[in-house]
Amino acid sequence: MTTLLVIGFDPARIPGYDPAPVLAALERGRDAYRAAGIEATEVLVGPDGELPRITAALTARRYDCVLVGGGLRKPPECLELFERVVNLVHRHAPGSAIAFNTSPVDGAEAALRAPADA
């Protein structure tokens, strides 16, 4: 079984944002992880990034893959947070592949295409 750490924003904690569609998509993504035999652990953070929570998750166990969600990657105002998260993954999980999804529903595909020889 592939072990996966998913790092992303908690849509319910983003001010002025309707989280319902993203929460539903996250649930479909969880279904896809289960169907693919992926043991996924999620760290969904608030807008400040909660870097200590991410670090704790990265050091709690070894993951085959770490997926950094699009919400952390795409908005220009999140660039610094994205860089910090990638550097945390590099530092604390150097043996893990890094994957990037395009939406909350395609994380399993991203994890499965990540190189096994990371």
Chemist: For Arg73 and Val68, work out which heavy atoms get closest and say how close.
Modeler: NH1-O, 2.8 Å
Chemist: Treat each ILVMFWY residue as a node, draw an edge where side-chain heavy atoms are under 4.5 Å apart, and state whether Leu51 and Ile14 are in one component.
Modeler: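 Yes; tracing contacts between hydrophobic side chains, which count when under 4.5 Å, links both residues.
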Chemist: Which of these, Val66, Val85, Leu5, Val89, sits in a side-chain contact (heavy atoms from CB on, under 4.5 Å) with Ile54?
Modeler: Val85
Chemist: Taking atom CD as the centre, does Glu80 end up with more than 12 heavy-atom neighbours from other residues, nucleotides or ligands that are less than 6.0 angstrom away?
Modeler: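 Not buried by this count: 12 neighbours or fewer within 6.0 Å.
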Chemist: Keeping Asn101 on the side-chain end and Gly70 on the backbone end, is there a donor-acceptor pair under 3.5 Å?
Modeler: yes
Chemist: Is Val43 reachable from Tyr33 through a run of hydrophobic residues whose side-chain heavy atoms are each under 4.5 Å from the next?
Modeler: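 The answer is no; the residues belong to distinct hydrophobic clusters.
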Chemist: For Phe100 and Ala110, which heavy atoms make the closest approach, and how far apart are they?
Modeler: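 Minimum heavy-atom separation between Phe100 and Ala110: O-CB, 3.5 Å.
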Chemist: Answer yes or no: is there a donor N or O on one side and an acceptor on the other, between the side chain of Lys74 and the main chain of Thr102, under 3.5 Å?
Modeler: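 Yes; at least one donor-acceptor contact below 3.5 Å.
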Chemist: For the pair Arg113 (side chain) and Ala99 (backbone), establish whether a donor and an acceptor sit closer than 3.5 Å, ignoring hydrogens and angles.
Modeler: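 Answer holds: no.
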Chemist: When you measure from the centre of the six-membered ring of Phe82, is the NZ or CZ of Arg84 closer than 6.0 Å and no more than 45° off the axis?
Modeler: no
Chemist: List the steps, then state whether side-chain hydrogen bond (donor to acceptor under 3.5 Å, both in side chains) holds for Asp64 with Thr2.
Modeler: CA-CA 6 Å; Asp64 297 312; Thr2 298; 4.6 Å; no
Chemist: Between Asp31 and Arg34, is there a salt bridge with N-O shorter than 4.0 Å?
Modeler: yes
Chemist: With rounding to the nearest 0.5 Å, note down the distance linking CG in Leu67 to OG1 in Thr41.
Modeler: 12.5 Å
Chemist: Which atoms form the tightest heavy-atom contact between Arg53 and Leu44, and what is the distance?
Modeler: NH1-O, 3.0 Å
Chemist: With rounding to the nearest 0.5 Å, note down the distance linking NE2 in His90 to CG in Leu58.
Modeler: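 Nearest 0.5 Å value for the NE2-CG distance: 12.5 Å.
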Chemist: Restricting to non-hydrogen atoms, name the atom on Pro47 and the atom on Pro15 that form the minimum distance, rounded to 0.1 Å.
Modeler: CG-CD, 4.1 Å
Chemist: With hydrophobic residues grouped by side-chain heavy-atom distances under 4.5 Å, do Leu4 and Val45 end up in a single group?
Modeler: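 Leu4 and Val45: separate clusters.
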Chemist: What distance separates Cys78 SG from Glu83 CD, expressed to the nearest 0.5 Å?
Modeler: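 Cys78 atom SG to Glu83 atom CD measures 11.5 Å (nearest 0.5 Å).
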Chemist: Charged N to carboxylate O below 4.0 Å: is that the case for Glu50 and Arg13?
Modeler: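 Yes, charged N to carboxylate O under 4.0 Å.
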Chemist: How close do Ala108 and Ala36 get, heavy atom to heavy atom, and via which atoms?
Modeler: CB-CB, 4.4 Å
Chemist: With clusters defined by side-chain heavy atoms of hydrophobic residues (ILVMFWY) lying less than 4.5 Å apart, directly or transitively, does Val6 cluster with Leu72?
Modeler: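 In one cluster: no.
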Chemist: Can Val22 and Phe9 be said to form a side-chain contact (heavy atoms from CB on, under 4.5 Å), step by step?
Modeler: CA-CA 10 Å; Val22 177; Phe9 279 129; over 6 Å; no
Chemist: Between Cys65 and Ala114, which heavy-atom pair has the shortest distance, and what is it?
Modeler: SG-CB, 3.8 Å
